[in-house]
Amino acid sequence: MRKKIIAGNWKMNMTPTESVALCETLKPLVAGADADVVFCVPAIDIIPVKEAIKGTNISLGAENVYFEDKGAFTGEISAPMLKDAGVEYVVIGHSERREYFAETDETVNKKLLKALEYGIIPIVCCGESLTQREQGITLDWIRMQIKIAFQNVTADQAKTVVIAYEPIWAIGTGKVATTEQAEEVCGGIRKCIAEIYDEATAETIRIQYGGSVNASNAAELFAQPDIDGGLVGGASLKADFSKIVKYNA
Ligand code: 13P
């Protein structure tokens, strides 16, 4: 049985001061959750959030990582830096990074390999646009994203990775994918992992759904056989996030 994993992606929200306040609000509310709970926070919030969640069931995540260890890459943050700061998870290849910051399947692959090298668990994002869904190429597109992202990743490494399926048209729009749509793609991703590796890897890897997840739709989504939790944007910035984390309470 795979353990559910529910991660908040704070995106570019929360000053360091606000980040600590949000942790204080959520700490008691998410305590005792059955699922793994992760806060993926802006780089500048990593240190204060690490301190604020000490001794709780919340794990620390970053929203991005660069694929080189060090050097002249102004503004970037490396995997050894994240590791040293206590980061356990990192979001890689979010559609916003692909759209606004020119990330490609190739950079996603490099970042995935670098995170794994430093023992940081990647949360790798994939997802189709509305046009691609309407063209009927959703599964083809996502299989391509997954196949490139996992180049040179071993089966043992792949078992530790988290994949987040986030249809772009459902992000921040309030337009959640139907349970059937979400399950169909998450199941398709699992099948793709089985083809690349084997059944054991496919059965172990955790696949989240993301895109307008909230307290009222989480339980139904997370009840699907291939959906192992969620990557939550807007609703992770409020006390209500605890209702998503405790969707089964
Ligand atoms: P929303 O939950 O705000 O739709 O964002 C989803 C997302 O992009 C999480 O990474």
Side-chain angles (χ1 to χ4, degrees), residues 4-14 18-19 22 26 30 35-43 45-46 49 58-65 87-101 103 107-108 111-112 115 120-130 132-133 138 141-142 145-146 149 161-179 181-183 185-186 189 206-222 224 227-247:
K4 300 276 188 213
I5 175 163
I6 296 159
N9 173 10
W10 290 6
K11 308 193 179 184
M12 199 177 73
N13 298 292
M14 299 290 140
E18 290 165 347
S19 75
L22 181 59
L26 284 170
V30 303
D36 286 334
V37 182
V38 186
F39 290 0
C40 299
V41 308
D45 297 341
I46 287 172
V49 167
I58 303 164
S59 297
L60 180 59
E63 297 179 14
N64 186 26
V65 63
V87 167
E88 298 161 83
Y89 293 84
V90 62
V91 177
I92 293 176
H94 192 280
S95 61
E96 287 148 16
R97 295 222 48 94
R98 295 176 190 252
E99 181 176 356
Y100 307 129
F101 303 100
E103 295 217 5
T107 62
V108 168
K111 290 178 174 202
L112 181 59
I120 302 170
I121 300 172
I123 301 177
V124 193
C125 303
C126 59
E128 83 286 5
S129 67
L130 188 57
Q132 289 163 338
R133 178 159 284 273
T138 296
W141 179 260
I142 284 165
Q145 289 184 318
I146 295 294
V161 173
V162 177
I163 297 173
Y165 166 54
E166 299 204 307
I168 298 169
W169 47 271
I171 295 177
T173 56
K175 205 171 144 188
V176 67
T178 65
T179 327
Q181 288 171 327
E183 169 60 18
V185 179
C186 290
I189 293 170
R206 293 189 290 181
I207 305 173
Q208 299 173 315
Y209 167 79
S212 299
V213 174
N214 61 38
S216 30
N217 59 32
E220 193 182 321
L221 286 163
F222 302 167
Q224 301 308 303
I227 303 181
D228 305 315
L231 185 57
V232 185
S236 72
L237 302 169
K238 321 180 268 205
D240 246 25
F241 183 59
S242 63
K243 294 191 188 146
I244 301 175
V245 165
K246 296 191 173 170
Y247 67 96

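What you see below is based on every heavy atom in this structure, not just the backbone, and it leaves out hydrogens, waters and symmetry mates. Keep in mind that this is a model prediction, so the values were computed, not measured. Both counts, for ligands and for their atoms, begin at 1 and track the order of listing.
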Report summary line: Within 4.0 Å of some non-hydrogen atom of G211, the atoms of ligand 1 are 4 (O), 6 (C)
Query raised in the report: Any idea which atoms of ligand 1 are less than 4.0 Å away from a heavy-atom of H94?
Result: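 Answer, ordered by atom number: 7 (C), 8 (O), 9 (C), 10 (O).
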Report task. Would you check if I207 and Q224 make a side-chain contact, meaning some heavy-atom pair closer than 4.5 Å? Result ->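 A side-chain contact under 4.5 Å is absent here.
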**Report entry** Heavy-atom side-chain proximity of R98 to V108 below 4.5 angstrom
**Finding:**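 Yes, side chains in contact.
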Among all protein heavy atoms in this structure, tell me which lies nearest to [atom], with the distance rounded to 0.1 Å.
{"atom": "atom 2 (O) of ligand 1", "answer": "G233 N, 2.9 Å"}
{"atom": "atom 5 (O) of ligand 1", "answer": "K11 NZ, 3.3 Å"}
{"atom": "atom 7 (C) of ligand 1", "answer": "E166 OE2, 3.1 Å"}

**Report entry** Min N/O separation G234 to ligand 1 under 3.5 Å
**Finding:**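 Yes, G234 has an N/O under 3.5 Å of an N/O on ligand 1.
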Requested in this report: Would you check whether N9 has a nitrogen or oxygen atom less than 3.5 angstrom from a nitrogen or oxygen atom of ligand 1?
Outcome: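 Yes; at least one N/O pair falls below 3.5 Å.
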Query raised in the report: Which bit of I171 gets closer than 4.0 Å to ligand 1, counting heavy atoms only: side chain, backbone, both or neither?
Result: both
Looking at [X] and [Y], would you say the former's side chain and the latter's main chain have a donor-acceptor pair under 3.5 Å?
{"X": "E166", "Y": "G127", "answer": "no"}
{"X": "Y89", "Y": "V162", "answer": "no"}
{"X": "E88", "Y": "L60", "answer": "yes"}

Ligand 1 contacted by [X] (non-hydrogen, < 4.0 Å):
{"X": "G172", "result": "yes"}
{"X": "A170", "result": "yes"}
{"X": "S212", "result": "yes"}

Report task. Go through K111 and N64 one step at a time and tell me if the side-chain hydrogen bond (donor to acceptor under 3.5 Å, both in side chains) criterion holds. Result -> CA-CA 9 Å; K111 290 178 174 202; N64 186 26; 2.8 Å; yes
Report task. Indicate the ring-plane relationship of W10 and F39, choosing parallel, tilted or perpendicular according to the 30° and 60° boundaries. Result ->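 Ring orientation of W10 relative to F39: tilted.
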Requested in this report: Hey, could you give me the CD1/OH distance between I142 and Y165, rounded to the nearest 0.5 Å?
Outcome: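 Going from the CD1 atom of I142 to the OH atom of Y165 covers 4.5 Å.
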